[in-house]
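Worksheet: one structure, shown below.
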2 protein chains.
Amino acid sequence: MVVKVYGPIFASPKRVLVCLIEKAVQFETVPLDLFKGENKEPEYLKLQPFGKLPVIQDGDYTLYESRAIIRYYAEKYRNQGTELLGKTVEERGLVEQWLEVEAHNFHPPVLDLVLQVLFAPLRGLPSDQKLIEESDEKVQKVLDIYEDRLSKSKYLAGDFFSLADLSHLPFGHYLVNQTGRGNFVRERKHVSAWWDDISSRPSWQKVLQLYKYPV
Amino acid sequence: MVVKVYGPIFASPKRVLVCLIEKAVQFETVPLDLFKGENKEPEYLKLQPFGKLPVIQDGDYTLYESRAIIRYYAEKYRNQGTELLGKTVEERGLVEQWLEVEAHNFHPPVLDLVLQVLFAPLRGLPSDQKLIEESDEKVQKVLDIYEDRLSKSKYLAGDFFSLADLSHLPFGHYLVNQTGRGNFVRERKHVSAWWDDISSRPSWQKVLQLYKYPV
């Protein structure tokens with residue numbers, strides 16, 4: 001059974017794609033155009049009632065929320081491809097902790113920067129300068145904590161690559177390459193080395209090559 | 001080894017407490033006063049560098065982020081107490097999906113309501129009426145989707161109680177009992193029955209009895 005992944009050009013589905021490649025799981029992609037509002041059409045809402053990306057279909061099994069999907073495949077194919085959950089329940093606990101940190105501390109201010117710095121001008125809307133300043137400050141504080149952590153272990157959850165690192169790739173790419181804020185990463189020695197390490201993985205390079213971002 | 005849980009009177013640590021009780025895991029609590037800023041003191045920041053609650057210590061093992069901690073204990077004690085992750089990898093996938101929905105769709109607007117309706121007046125600050133209106137609308141849209149889901153299965157991830165339901169208790173309690181918005185739940189038949197079911201569990205009643213909310 002080949003997994004279907006909706007909306008591959010957008011950032012959150014890329015979290016799923018890079019995971020599937022790491023796990024050597026075959027997939028195909030289904031285009032979905034957010035700019036045309038295809039995510040609000042009744043057929044799509046049957047799959048994902050909140051109208052968000054991504055969603056996957058795996059035979060009769062439908063699942064949404066990117067960080068739920070990557071946990072599912074990391075567990076389902078535990079013995080295939082890269083181990084992404086750590087080897088012990090304690091290691092998995094730390095993977096879960098840093099996945100939550102990514103979701104609640106890293107992602108929100110980076111998303112705000114992407115929306116304000118990249119997307120608002122595209123739509124002819126003014127950027128919210130106060131929100132940009134606040135987001136810049138939040139992202140840098142988070143990266144200070146990452147710098148400390150990554151001075152003690154090679155990856156976030158320990159000395160092993162995991163879902164916690166992988167989950168940073170789609171919006172980390174925007175932050176480093178598209179918002180003019182690469183210096184936030186480059187000014188922090190361990191964060192910079194970590195970013196080079198995870199973003200140069202063949203899985204991520206393949207995602208970038210196959211599915212260009214819309215912006 | 002007895003698990004230490006920091007800050008039991010606050011909402012997010014209650015997510016951990018109710019999980020530990022369901023899993024029949026012994027714990028003790030360590031008071032932490034957010035109102036006095038004890039979460040920003042150096043000793044605490046060594047445990048939780050973001051200065052947030054909760055954190056647990058289990059022997060030499062320290063873990064933070066409430067939804068990571070509950071996953072850890074649900075997995076570590078898989079065969080003890082209530083099964084909270086489902087029985088199969090597909091069931092766990094759906095538990096993860098609805099845990100993410102709780103974190104990203106339910107929690108943010110409910111937190112905004114708690115801050116604006118309950119905490120702002122306590123601090124003598126004006127409430128943001130626009131944010132309250134937007135949050136009211138968001139919460140009701142989310143509960144419409146829950147109503148549809150709960151018309152098809154008894155709990156969010158299926159016909160079994162799980163971390164996905166449990167995770168709604170601490171802020172669901174605020175929403176129903178403390179913000180004057182119990183009608184959001186009561187106007188939706190299946191959501192109302194679900195809330196009565198999960199909030200009447202002995203584990204949650206024990207948490208409420210032992211650790212009063214600060215407000």
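Heavy-atom basis, side chains included; hydrogens, waters and symmetry copies ignored. A, B, ... follow the sequence lines: proteins, then strands. Residue 1 opens every chain.
- A/Gln97 places no side-chain N or O within donor-acceptor distance of the main-chain N or O of B/Glu65, the cut-off being under 3.5 Å.
- Both the backbone and the side chain of B/Tyr64 come within contact range of chain A, judged by heavy atoms closer than 4.5 Å.
- In the displayed structure, A/Asp159 atom CG is contacted under 6.0 Å by more than 12 heavy atoms of other residues, nucleotides or ligands.
- For B/Ile145, the part sitting under 4.5 Å from any heavy atom of chain A is the side chain, from C-beta outward, and nothing else.
- Summarising the geometry of A/Ala68 relative to B/Gly93, their closest heavy-atom pair is CB-O, 4.3 Å, with the distance given to 0.1 Å.
- For A/Lys52, the part lying under 4.5 angstrom from a heavy atom of chain B is the side chain only.
- A pairwise comparison of heavy atoms in A/Thr62 and B/Leu94 identifies O-CD2, 4.3 Å as the closest pair.
- Within 6.0 Å of NZ on A/Lys4 lie no more than 12 heavy atoms contributed by other residues, nucleotides or ligands.
- In this structure, B/His104 and A/His107 have side chains that are not in contact, with every pair of non-hydrogen atoms separated by 4.5 Å or more.
- By the neighbour-count criterion of 12 heavy atoms within 6.0 Å, atom CD of B/Glu28 is densely surrounded, having more than that number from other residues, nucleotides or ligands.
- The interface of residues 82-92 of chain B with chain A, defined by heavy-atom distances below 4.5 Å, comprises B/Val89, B/Glu90, B/Arg92.
- B/Leu99 CG to A/Arg71 CZ: the interatomic distance, rounded to the nearest 0.5 Å, is 7.5 Å.
- Atom NZ of B/Lys138 sits in a sparse spot, with 12 or fewer heavy atoms from other residues, nucleotides or ligands closer than 6.0 Å.
- At a 4.5 Å heavy-atom cutoff, B/Ser66 makes no contact with chain A through either its backbone or its side chain.
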